[in-house]
Visitor: 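Input: one structure, supplied below.
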Amino acid sequence: MAATDDDDDTLTYSLGGNNATSFAIDSTTGQLKTSAELNYERENTYKVTISVSDGNEGSDTINVTIKVKDVVDIYTPLSERTPAVTQEIVRRISSARTADDVGDKDLRKVTTLTLRSKEISELKSNDFNGLTKVQHLWLTNNPLTTLPSGLFNGMTELSHLALYSNSISSLPADIFDGLTARVGININLSYNDLTSVPDGIFDGLTTLGDLEFRDNTSTLVFPFSFRKASDGVYKATAQKEATFDMELPVTITNGYMLGGATSITISKGSLESSNNTNSN
């Protein structure tokens, strides 16, 4: 800020107003500075009053409004993400025409991403950075073969994750660690090429509600075994507590299961199935 004095007296600048504590002013030059980092999400408009005095009863004041611009300074810019992801994010934000129009605040408005049949063969670990409010994510019917570690980090409200009808053959051990939604999380990995998953991959999913693995190329392998509880009664036993209801298909060559059942279940939090798993 600059003021002039007809007598060329030395001018002294001072600061006041409701938001004066967020700023400082150089008393000799009138340069306004921030005294702390400004956060668009916390407050985006500040008002201060700048006063100037010549020391000889001459003075003046001006009211100043400082507007903070919302910029992508924390999350990965959309221009650096997988093109199909960038396009879907822009589509979901009504006020955005291009990726350059999207800021951090806009990312937190997105609650659903639909990336079905987009020919996505590879994703970047930071493709979904800043999308903390997304609840439904559809990545179905793409040629994905794996997912990058940390892909879902920060997606703390994601409750429906559809990954079926891809070609996923392997998954990082920590791929689901970022999912912490308080409601039941549903994950669908059906119609992929999975033959096994890393040990402990579901341990952090304390609210896992539904997990589907139907029709993968081979039977998905879980570490469990059968043991005899008594004559004609067998149990399925896992090596550690199930982090979700594990329904296991069973084929018996010589014998049967009571009621014509074709599967047994180890309930979430249990090490073994119930006692009524019977066979001959």
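Just so it is clear, the structure is predicted and the values come from calculations on it, not from any experiment. All residue numbers refer to positions in the sequence shown, counting from 1.
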Visitor: For the atom pair CG (N19) and OG (S35), what is the distance rounded to the nearest 0.5 Å?
Guide: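 If I round to the nearest 0.5 Å, the distance is 10.5 Å.
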
Visitor: State which residues pass salt bridge (charged side-chain N to carboxylate O under 4.0 Å, His left out) with K109; sequence neighbours excluded, sorted by chain then number.
Guide: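 By the salt bridge (charged side-chain N to carboxylate O under 4.0 Å, His left out) rule, K109 matches D106.
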
Visitor: Between the main-chain N or O of N129 and the side-chain N or O of R81, is there a donor-acceptor pair closer than 3.5 Å?
Guide: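 Yes; at least one donor-acceptor contact below 3.5 Å.
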
Visitor: Are I25 and L38 connected, step by step, through hydrophobic side chains (Ile, Leu, Val, Met, Phe, Trp, Tyr) whose heavy atoms are closer than 4.5 Å?
Guide: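 Linked, I25 and L38 end up in one cluster.
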
Visitor: Can M155 be reached from I93 by stepping across I, L, V, M, F, W or Y side chains whose heavy atoms are under 4.5 Å apart?
Guide: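 In one cluster: yes.
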
Visitor: Using a 4.5 Å cut-off on heavy atoms from C-beta on, say whether the side chain of K47 contacts that of N18.
Guide: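 SC-SC contact between N18 and K47 ruled out.
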
Visitor: With a 3.5 Å cut-off and no angle check, do the side chains of N166 and N192 form a donor-acceptor pair?
Guide: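 Short answer, no.
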
Visitor: Show me the pairs that pass ring pair (Phe, Tyr, Trp, His ring centres under 6.0 Å) and involve residues 158-182, at least two apart or across chains.
Guide: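 Residue pairs with at least one partner in residues 158-182: H136-H160, F176-F202.
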
Visitor: Considering only heavy atoms from C-beta outward, does the side chain of T45 approach that of V68 to under 4.5 Å?
Guide: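 In short, these two side chains do not touch, never coming nearer than 4.5 Å.
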
Visitor: What ring pair (Phe, Tyr, Trp, His ring centres under 6.0 Å) pairs are there with at least one residue in residues 46-65, not counting sequence neighbours?
Guide: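 Residue pairs with at least one partner in residues 46-65: F23-Y46.
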
Visitor: Can you pull out every salt bridge (charged side-chain N to carboxylate O under 4.0 Å, His left out) where at least one residue sits in residues 172-183? Sequence neighbours excluded, please.
Guide: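 Salt bridge (charged side-chain N to carboxylate O under 4.0 Å, His left out) check on residues 172-183 returns no pairs.
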
Visitor: Taking side-chain hydrogen bond (donor to acceptor under 3.5 Å, both in side chains) as the definition, give me every residue that meets it alongside N63, ordered by chain and number, with sequence neighbours left out.
Guide: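 Only T49 meet the side-chain hydrogen bond (donor to acceptor under 3.5 Å, both in side chains) criterion with N63.
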
Visitor: For V64, what residues pass the side-chain contact (heavy atoms from CB on, under 4.5 Å) criterion, not counting sequence neighbours?
Guide: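 Here the qualifying residues are M1, V48, I50, I62, I66.
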
Visitor: Does L151 reach the side chain of S125, with side-chain heavy atoms less than 4.5 Å apart?
Guide: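 When only atoms from C-beta onward are counted, S125 and L151 do not touch, as no gap falls below 4.5 Å.
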
Visitor: Could you see if V85 belongs to whatever hydrophobic cluster contains W138? Use Ile, Leu, Val, Met, Phe, Trp, Tyr and a side-chain cutoff under 4.5 Å.
Guide: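 They do not share one cluster, since no chain of ILVMFWY contacts under 4.5 Å joins V85 to W138.
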
Visitor: Are the side chains of L194 and L189 in contact, using a 4.5 Å heavy-atom criterion?
Guide: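 In short, these two side chains touch, coming nearer than 4.5 Å.
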
Visitor: Given side chains that start at C-beta, do those of I89 and L107 come closer than 4.5 Å, heavy atoms only?
Guide: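 Contact flag for I89/L107 side chains = yes.
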
Visitor: Is a side-chain N or O of D101 found less than 3.5 angstrom from the main chain of R97, in a donor-acceptor match?
Guide: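 Yes, D101 side chain to R97 backbone: donor-acceptor pair under 3.5 Å.
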
Visitor: Kindly write out the residues that satisfy side-chain contact (heavy atoms from CB on, under 4.5 Å) with E80, not counting sequence neighbours, or none if the list is empty.
Guide: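 For E80 the side-chain contact (heavy atoms from CB on, under 4.5 Å) partners, ignoring immediate neighbours, are T76, P77.
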
Visitor: Sorted by first residue and then second, give each salt bridge (charged side-chain N to carboxylate O under 4.0 Å, His left out) pair with at least one member in residues 138-158; sequence neighbours left out.
Guide: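 Sorted pair list: K133-E157.
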
Visitor: Please name all residues satisfying side-chain contact (heavy atoms from CB on, under 4.5 Å) with S14, sequence neighbours left out, ordered by chain then number.
Guide: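 Residues passing side-chain contact (heavy atoms from CB on, under 4.5 Å) with S14: S51.
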
Visitor: Considering all heavy atoms of both residues, which atom of L32 and which atom of L15 are nearest to each other, and what is their separation?
Guide: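 Minimum heavy-atom separation between L32 and L15: CD1-CD1, 3.9 Å.
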
Visitor: Please report the shortest heavy-atom distance between I175 and L147, naming the atom on each side.
Guide: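 Between these two residues, the closest heavy atoms are CD1-CB, 3.8 Å.
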
Visitor: I'd like to check T28 versus T12 (side-chain heavy atoms, cut-off strictly below 4.5 Å). Are they in contact?
Guide: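 No - every pair of side-chain heavy atoms lies 4.5 Å or more apart.
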
Visitor: Rounded to the nearest 0.5 Å, what separates atom CG in D127 from atom OG1 in T86?
Guide: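 So the CG of D127 and the OG1 of T86 are separated by 7.0 Å.
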
Visitor: State, to 0.1 Å, how close D26 and Y13 come at their nearest heavy-atom pair, and which atoms those are.
Guide: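 The answer is O-CB, 4.0 Å.
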
Visitor: Is a side-chain N or O of D7 found less than 3.5 angstrom from the main chain of D9, in a donor-acceptor match?
Guide: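 No, the answer is negative, given that no donor and acceptor are paired below the 3.5 Å cut-off.
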
Visitor: So, taking the atom named CG in L163 and the one named CG in L144, what distance separates them when rounded to the nearest 0.5 Å?
Guide: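 Here the rounded value is 8.0 Å.
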
Visitor: Return the OG1 to CG distance between T145 and D193, rounded to the nearest 0.5 Å.
Guide: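 That separation rounds to 9.0 Å.
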
Visitor: Filter on ring pair (Phe, Tyr, Trp, His ring centres under 6.0 Å), then keep only pairs touching residues 90-126, sequence neighbours left out; what's left?
Guide: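 Passing the test, one end in residues 90-126: no pairs.
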
Visitor: What pairs of donor and acceptor atoms, side-chain ones from residues 111-122 against any protein atom, are under 3.5 angstrom apart with sequence neighbours left out?
Guide:
unit_1	atom_1	unit_2	atom_2	d
T114	OG1	R92	NH2	3.0
S117	OG	N141	ND2	2.7

Visitor: Can you tell me how far the OG atom of S27 sits from the CG atom of L11, to the nearest 0.5 Å?
Guide: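 Going from the OG atom of S27 to the CG atom of L11 covers 11.0 Å.
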
Visitor: Determine whether L171 and I168 make a side-chain contact, defined as any pair of heavy atoms from C-beta on separated by less than 4.5 Å.
Guide: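 Yes, side chains in contact.
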
Visitor: If we ignore hydrogens and angles and just use 3.5 Å, is the side chain of S53 paired with the main-chain N or O of G55 as donor and acceptor?
Guide: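 Pair found, side chain donor or acceptor close to backbone of G55.
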
Visitor: Looking at residues at least two apart in the chain, or sitting in another chain, which of them share a side-chain contact (heavy atoms from CB on, under 4.5 Å) with A173?
Guide: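 Expected list: P198.
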
Visitor: Can you tell if the side chain of N186 reaches within under 4.5 Å of the side chain of L161, non-hydrogen atoms only?
Guide: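 They are not in contact (no side-chain heavy atoms under 4.5 Å apart), so the answer is no.
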
Visitor: Assess the residue pair L137 and F152 against the criterion (side chain to side chain contact (heavy atoms under 4.5 Å, CB included)); give the C-alpha distance rounded to whole Å, side-chain angles, the decisive distance to 0.1 Å, and a yes or no.
Guide: CA-CA 10 Å; L137 175 58; F152 306 120; 3.7 Å; yes

